[in-house]
Amino acid sequence: MATVVNGENHYDRAVEVQRFDESKIGVKGLVDSGLTTIPPIFIHPIDTLSDLKAKPQSVVVPTIDLSGPRSTVLEQVASASRTFGDTLRIKLGRRLPELEDIPEVCRDEVVQWNLHSEALGERLMGLLSEGLGLDMDRLKNSCLDARTMLGHYYPRCPQPDLTVGIASHTDPGVLTLLLQDHIGGLQIKHKGGWVDVKPVHGALVINIADILQILSNDEYVSVEHRVLANPSKEPRVSIAVFFSPSARETLYGPFSELTSPEKPLRYCQFVYHDYMRRFFTKELDGKTLTNYYRI
Ligand SMILES: O=C(O)CCC(=O)C(=O)O
Ligand SMILES: [Fe+2]
């Protein structure tokens with residue numbers, strides 16, 4: 001097993017990670033126990049850490065009001081998905097999980113949020129399809145049914161310069177709806193630098209994810225993002241809803257209408273379960289998944 005050299009310490013990372021997982025204490029438990037320095041398994045390599053210190057670029061992520069006229073909204077959604085590489089924020093304008101699988105404390109909220117996100121996801125996919133010059137139903141026909149909701153909790157980190165909340169990655173699915181609270185810390189990569197996605201009350205962050213980049217044959221670009229470790233006293237909470245293809249054995253690849261002699265096919269076809277296997281066996285690290293299927 002690998003031995004990691006971390007400053008003065010030599011230790012077996014895999015063993016330590018397993019020990020931490022089995023303790024079921026979680027990062028919250030560590031922080032609640034009053035620790036003042038973070039365990040070595042959380043310390044990132046020097047390359048990642050030096051990149052955290054760079055001053056974020058002062059670019060403002062576009063916020064789109066979905067209650068505006070449809071033609072304006074369509075134009076804004078399509079152009080933000082292309083030129084910004086991806087992330088926009090939208091003012092908030094069936095399948096239910098088994099109820100007993102949802103913790104009781106948030107059951108009603110999860111059920112409600114699931115319904116709202118389905119409706120919003122459907123609307124966004126319609127706009128994004130039309131933005132590509134396709135039939136409104138093209139995207140949602142293949143990508144609306146499978147959704148996963150993740151709740152993230154980032155407690156105060158005593159040494160935020162040594163670690164990250166979530167390492168840089170792109171989301172693997174089609175589209176992600178992200179609700180973040182007021183704490184901040186989410187950043188996206190834009191033109192080689194990091195940009196803060198400041199919380200906007202009443203707005204969601206919408207990420208274009210890797211499969212949409214592939215389906216659109218690079219017309220839309222998935223967004224590389226990360227979350228900084230939380231230096232604030234208050235914990236940060238975010239809820240992400242991921243939309244992904246529902247048919248695990250179907251072949252996915254760029255929509256044929258979007259390829260031409262001028263715009264040749266950029267990706268080979270793949271089946272979704274093979275794609276997800278690759279996602280779960282790689283480290284979170286930038287745009288490796290789209291690059292794997294690139295022709
Ligand atoms: O917590 C956040 O703001 C981002 C979460 C995220 O990127 C993810 O779940 O993929
Ligand atoms: Fe993400």
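We count residues from 1, following the sequence as given. Order of appearance sets the numbers: ligands from 1, and atoms from 1 within every ligand.
- In this structure, the protein non-hydrogen atom closest to atom 3 (O) of ligand 1 is Arg236 NH2, 2.8 Å.
- Remark: of the listed residues Tyr275, Tyr252, Tyr272, Tyr275 is the sole one forming a ring-ring contact (aromatic ring centres under 6.0 Å, His included) with Tyr293.
- A donor and an acceptor atom, one from each side chain of Asp210 and Thr170, are located under 3.5 Å apart.
- Of all the heavy atoms of Ile166, the ones lying under 4.0 Å from any atom of ligand 1 belong exclusively to the side chain.
- Each of the atoms 1 (O), 2 (C), 3 (O), 4 (C) of ligand 1 lies under 4.0 Å from some heavy atom of Val227.
- Contacts between Thr176 and ligand 1, counted as non-hydrogen atom pairs separated by less than 4.0 Å, are absent for every part of the residue.
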Under the side chain to side chain contact (heavy atoms under 4.5 Å, CB included) criterion, do Asn114 and Glu118 qualify, and how do the steps go? CA-CA 6 Å; Asn114 181 47; Glu118 179 178 21; 5.6 Å; no

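- Of all atoms in ligand 1, listed by their number and element, those nearer than 4.0 Å to a heavy atom of Asp171 are 10 (O).
- If you check which protein heavy atom lies closest to atom 8 (C) of ligand 1, you get His152 NE2, 3.6 Å.
- The Phe242 neighbourhood of ligand 1 comprises atoms 8 (C), 9 (O), 10 (O), with distances under 4.0 Å to a heavy atom of that residue.
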Would you sort out whether Leu128 and Ile208 count as a side chain to side chain contact (heavy atoms under 4.5 Å, CB included), showing the intermediate values? CA-CA 10 Å; Leu128 288 161; Ile208 301 294; 4.1 Å; yes

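- Between His169 and ligand 1 there is a heavy-atom distance shorter than 4.0 Å.
- Angle NE2(His225) to the Fe ion (ligand 2) to NE2(His169), rounded to 10°: 90°.
- At a 4.0 Å heavy-atom cut-off, ligand 1 does not touch Val205 at all.
- Considering backbone and side-chain atoms together, Gln180 places no N or O closer than 3.5 Å to any N or O of ligand 1.
- Between Asp218 and Arg294 a salt bridge is recorded (basic side-chain N to carboxylate O distance below 4.0 Å).
- Checked for salt-bridge contact, Glu16 and Arg13 miss the test: no charged N lies under 4.0 Å from a carboxylate O.
- Nearest N/O/S atom of Asp171 relative to the Fe ion (ligand 2): this is OD1.
- Follow the hydrophobic side-chain contacts under 4.5 Å out from Leu228 and you reach Leu49 in the same cluster.
- Ring geometry for His116 against Trp113 counts as tilted: the plane angle lies between 30° and 60°, on a 0 to 90° scale.
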